[in-house]
2 protein chains.
Amino acid sequence: MSIVHAMPGFLIRRLNQISMSVFQERMQRLGLDLTSVQFAALVALSENPGIDQATLAGLIAHDRVTIGGVVDRLVAKDLVARRINPQDRRARQLALTDSGATLLQRLIPEVQALQHDILAGLSAAEVAAFVTLARRTTEAGNDRSRAPLRPRD
Amino acid sequence: MSIVHAMPGFLIRRLNQISMSVFQERMQRLGLDLTSVQFAALVALSENPGIDQATLAGLIAHDRVTIGGVVDRLVAKDLVARRINPQDRRARQLALTDSGATLLQRLIPEVQALQHDILAGLSAAEVAAFVTLARRTTEAGNDRSRAPLRPRD
DNA sequence: GGCATTTGGGTAGTATGCTAACGATCAGCA
DNA sequence: TGCTGATCGTTAGCATACTACCCAAATGCC
């Protein structure tokens, strides 16, 4: 066993790899072509219609460039509408399309169900313990991230 | 607070974001241009000199394409030597250069020290609990990943 | 009003991290 | 020996995920 295999950084990368793979596999089985980042963006837009890309980036902890590409692809799939804000012509107002809202309602229970598969081998109590620790440390380390979480209000 | 912010998948992505950022920041402060993936590859090669790229990929849980690019960059930095295996002309034998071995010895204590910063806000006992849970679930979910860990022996 | 600063979005560039497909090569087997 | 299948590395393509930089537009301050 290598020394790297016990390092938190390595374990976290593996967790992320497994998480993304579980998500993608489920989407494929549903016949959908959607990533977990795109899902998070749809949820954020559903909860905050009319926000611009920079705000969206802060709500799901991404940089603006990445969000620009994600929104491009969501617009191309007709899940999100993007238009210039007349009050601030720099900004793009974002909102779910009808088709995006419909898809999201179908997706939410699926995505909630697959969270269980991500942490395979753990009991319900252990999953809860993991989530508690993860929430505390991501909050403590928020500003260490290059794209911190910036919740509204 | 959005419903996604409590999902394990989202928390894991945040953890990975913070982890990569902490690593990059430390490397920058050391005046080095090295990613965590490149570090993991150097460690694996130090522990297993002479392996080929596919074996290296399995040891640090990456697909062969990604490892090809990582090795390209390590060779360009003169940290790794790559040559065709005369016994199997498909394969590339990899080994650290002297400069790679020297750098790695300097890096290992630094990287071990920064692991602590990744899980900010947790006590030593909580870090240990996190690592235990993470190890168990990544082992259980190994084959769910697209690029599973394939240890030798 | 005029001007410096800030902000939103974009381009260019780099590195992961994956799929699908391909050529070269090797291993097993009739 | 010749064929079949597996394996190693690579290319092409896509989607994150960032930095650095730029332009346009809004904001704050005098």
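Hydrogens, waters and symmetry mates play no part in the numbers below; they use all other heavy atoms, side chains included. In the text below, chain A, chain B and the rest are named by the order of the sequence lines, each starting its count at 1.
With a 4.5 Å cut-off on side-chain heavy atoms, Val4(B) and Val111(A) do not count as touching. Counting only heavy atoms from C-beta outward, the side chains of Asp52(A) and Leu94(A) never approach each other to under 4.5 Å. The closest side-chain heavy-atom distance from Arg82(A) to Asp72(A) is below 4.5 Å. For the pair Leu79(A)/Gln38(A), no side-chain contact is recorded, criterion being any heavy-atom separation below 4.5 Å from C-beta on. Phe39(B) places none of its side-chain heavy atoms less than 4.5 Å from the side chain of Glu110(B). In this structure the side chain of Leu15(B) reaches within 4.5 angstrom of the side chain of Leu119(B), judged on heavy atoms.
The separation between Arg146(A) atom CZ and dA15(C) atom P is 16 Å, rounded to whole Å. For Gln17(A) and dT16(C), the CD to C1' distance is 10 Å, given to the nearest whole Å. Taking atom CG on Asp72(A) and atom C1' on dG9(C), their separation rounds to 11 Å, with Å as the unit. A straight line from CD of Gln87(B) to P of dA27(C) spans 10 Å, rounded to a whole angstrom. We find that NE2 of His62(B) is positioned 19 Å from P of dT16(D), with the value rounded to whole Å. Rounded to whole angstrom, the span from the CG atom of Asp33(A) across to the C1' atom of dC18(C) amounts to 13 Å. Atom CG in Leu94(B) sits about 12 Å away from atom C1' in dC8(D), given to the nearest Å. If you take CE of Met27(A) and C1' of dT19(C), they are 18 Å apart, rounded to a whole angstrom.
Where Ala54(B) and Arg14(B) each meet DNA chain D at their nearest nucleotide, the meeting point lying more 5' is that of Ala54(B). Take the nearest nucleotide of DNA chain C for Gln93(A) and for Pro86(B): the residue whose nucleotide is more 5' is Gln93(A). Ranked by how close their nearest DNA chain D nucleotide is to the 5' end, Arg13(B) and Arg92(B) are led by Arg92(B).
Between atom OG1 of residue Thr55(B) and atom CG of residue Leu45(B) there is a gap of 10.5 Å, rounded to the nearest 0.5 Å.
Here dA15(D) is the nucleotide among dA15(D), dA24(D), dC26(C) with the atom lying nearest to any side-chain atom of Arg73(A). Counting only heavy atoms from C-beta on, Arg90(B) has its side chain closest to dC8(D) among dC8(D), dG17(C), dT19(D). In this structure, of dA26(D), dC18(C), dG9(C), it is dG9(C) that holds the atom nearest to the side chain of Asp52(A). If you check dA17(D), dT7(C), dC8(D) against the side chain of Ala91(B), the one that comes closest is dC8(D). Counting only heavy atoms from C-beta on, Gln53(B) has its side chain closest to dT10(D) among dC18(C), dA15(C), dT10(D). Distances were taken from every side-chain heavy atom of Asp63(B) (C-beta onward) to each of dG10(C), dT10(D), dG17(C); the shortest belongs to dG17(C). Closest to the Asp88(A) side chain, of the nucleotides dA15(C), dA6(D), dA26(D), is dA26(D).
Note on Thr66(B): every side-chain N or O is 4.0 Å or more away from OP1 and OP2 of dA15(C). Checking the phosphate oxygens (OP1, OP2) of dT16(C), a side-chain nitrogen or oxygen of Gln38(B) falls inside 4.0 Å.
Defined by atom type and a distance below 3.5 Å, a donor-acceptor pair is missing between the side-chain atoms of Ser19(A) and Arg13(B).
Within 4.0 Å of Arg64(A), counting heavy atoms only, lies at least one base atom of the nucleic acid. Within the nucleic acid shown, Val65(B) comes within 4.0 Å of at least one base atom, counting heavy atoms only.
Counting only Watson-Crick or G-U wobble pairs whose defining distances are both under 3.5 Å, the stems of 3 or more consecutive pairs in DNA chain C are C:1-30 with D:1-30.
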